[in-house]
S.K.: 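The structure that follows is given in the form of structure tokens.
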Amino acid sequence: MTKWGMVIDLNKCTGCGACVNACRIENNIPNVGEEEAQKGRALDWMQIVTEYEGEYPDVRVTHIPRPCFQCDNPPCTKVCPVHATFLNEEGLVGQVYYRCIGCRFCMAACPYSAKKFNYFEPDIPESYEGIRNPDVTRRMKGVVEKCSFCHHRLSLAKDLARFENRELREEDFQPACVESCPADAMTFGDLENPDHRVATLIHSSRAFRLDEELGTDPKVYYLKKEDK
Amino acid sequence: MKQTGFFGRKELLFAAIILGLYGCNSTEKITQPIAYNHSIHVSEAGLYCTDCHVGAETKIQATLPSIKRCQTCHSEMQGESKEEAKVVEAVTNKEEIPWNRIYTLPEHVFFSHRRHVTSGKIPCSDCHGDVEKLTKPADHQLVPIQMKRCMNCHDQKSISNDCLTCHV
């Protein structure tokens with residue numbers, strides 16, 4: 001069975017933010033403005049958390065890109081009263097906006113703060129209309145949203161593969177963040193498929209997952225930063 | 001407050017409004033700029049749906065025919081119909097005919113024609129009705145598009161009914 005997952009090499013990540021911007025454009029993420037962002041209401045599905053160790057000049061900086069971890073044992077889906085968020089058969093945690101009632105139980109349950117709430121109607125300038133991605137639903141005020149691993153790309157890739165009468169290849173489905181990473185720090189694929197690079201990378205001695213002890217079984221792995 | 005069964009009156013009223021808004025949307029009349037006769041094109045000219053709706057087999061959207069498709073046969077009058085004269089005029093002036101869509105899907109639904117027509121081998125009439133027999137343009141959806149209908153068909157053909165299959 002397919003299990004989509006991601007591996008992020010912290011040695012390679014420079015914290016440039018290309019993934020954050022690619023995600024914003026791909027998924028029609030509105031800008032909430034500085035004031036709201038300071039209240040923690042920014043809607044970015046991909047965030048970069050930067051950790052500093054040591055004192056100047058011997059500082060060690062680690063940038064940790066954090067999408068939704070698409071947990072195999074997701075706490076968010078268990079608390080949703082309307083089945084608006086759920087784990088599908090390919091291991092993706094879906095979020096159906098038209099089902100969401102905005103109770104935000106899932107946000108409280110997610111230990112990684114991956115879910116975002118639309119406090120206002122999305123403010124997307126009219127001039128953006130022509131460049132809006134038509135494959136991604138616009139979210140409305142009062143619903144929760146989160147990283148989907150660019151699931152719409154999977155729908156299109158599957159459709160094309162089926163049409164061309166072939167199997168889905170690794171390169172057919174890559175989320176926008178992975179595609180845009182200039183440092184090649186992110187790898188994406190089927191964790192269960194030995195032909196996909198991620199299946200090998202997750203067995204690296206450097207591989208770890210955030211807060212593994214919570215038992216959420218995330219499908220985003222990191223490769224530990226090592227001093228060279 | 002006294003409740004009427006499990007739901008209160010307000011809830012029932014709300015449900016009635018929702019049903020009114022969404023349940024009856026297929027009765028809205030849609031008019032076309034030209035009284036196109038599907039039947040004559042299929043039975044006499046021997047055309048298939050995909051000859052004019054060219055995207056249905058190979059693209060996500062079936063598409064409405066552009067004037068170039070009409071031009072293939074209608075650069076000159078084939079008969080004496082007033083409606084055909086409008087097509088010939090549009091072809092001569094190289095103007096697109098502003099056809100009105102009858103089937104539209106909300107933006108949160110992903111639907112691929114090629115997946116259903118080419119891969120799934122589903123006849124057009126399963127979702128669109130017997131359009132080929134129409135002598136006038138349809139003014140409503142002959143087969144109303146409803147999620148229940150999609151899900152039933154997926155069930156019967158053992159296709160996944162996972163929300164992410166269709167909702168993006």
S.K.: Hey, could you give me each pair passing side-chain hydrogen bond (donor to acceptor under 3.5 Å, both in side chains) that has a residue in residues 65-78 of chain B? Not counting sequence neighbours.
M.R.: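 Every side-chain hydrogen bond (donor to acceptor under 3.5 Å, both in side chains) pair that includes a residue of residues 65-78 of chain B, provided the two are not neighbours, is B:His74-B:Glu84.
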S.K.: Is there any side-chain hydrogen bond (donor to acceptor under 3.5 Å, both in side chains) pair reaching into residues 123-136 of chain B, and which pairs are they, with sequence neighbours excluded?
M.R.: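 Qualifying pairs, neighbours excluded: none.
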S.K.: Check whether A:Leu154 gets within reach of chain B through its side chain, its backbone, both or neither, counting any heavy atom under 4.5 Å.
M.R.: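 Neither part; nothing is under 4.5 Å.
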S.K.: Is the count of non-hydrogen atoms from other residues, nucleotides or ligands lying under 6.0 Å from A:Phe208 atom CZ greater than 12?
M.R.: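 Above 12, so yes.
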S.K.: Counting distance alone, with no hydrogens or angles, which donor-acceptor pairs between chain B and chain A are under 3.5 Å?
M.R.:
{"unit_1": "B:Glu107", "atom_1": "OE1", "unit_2": "A:Arg132", "atom_2": "NH1", "d": "3.3"}
{"unit_1": "B:Glu107", "atom_1": "OE2", "unit_2": "A:Arg138", "atom_2": "N", "d": "3.0"}
{"unit_1": "B:Ser112", "atom_1": "OG", "unit_2": "A:Asp159", "atom_2": "OD1", "d": "2.9"}
{"unit_1": "B:Ser112", "atom_1": "OG", "unit_2": "A:Asp159", "atom_2": "OD2", "d": "2.9"}
{"unit_1": "B:Arg114", "atom_1": "NE", "unit_2": "A:Asp159", "atom_2": "OD2", "d": "2.8"}
{"unit_1": "B:Arg114", "atom_1": "NH2", "unit_2": "A:Asp159", "atom_2": "OD2", "d": "3.1"}
{"unit_1": "B:Ser160", "atom_1": "OG", "unit_2": "A:Glu89", "atom_2": "OE2", "d": "3.2"}
{"unit_1": "B:Asp162", "atom_1": "OD2", "unit_2": "A:Asn88", "atom_2": "ND2", "d": "2.8"}
{"unit_1": "B:Leu164", "atom_1": "O", "unit_2": "A:His151", "atom_2": "NE2", "d": "3.2"}
{"unit_1": "B:Val168", "atom_1": "O", "unit_2": "A:Thr137", "atom_2": "OG1", "d": "2.3"}

S.K.: B:Lys86: which residues meet the side chain to side chain contact (heavy atoms under 4.5 Å, CB included) condition with it, sequence neighbours left out?
M.R.: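 B:Ile34, B:Glu83.
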S.K.: For B:Phe110, is the CZ atom crowded, meaning more than 12 foreign heavy atoms sit under 6.0 Å from it?
M.R.: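 It does: B:Phe110 CZ has more than 12 such atoms within range.
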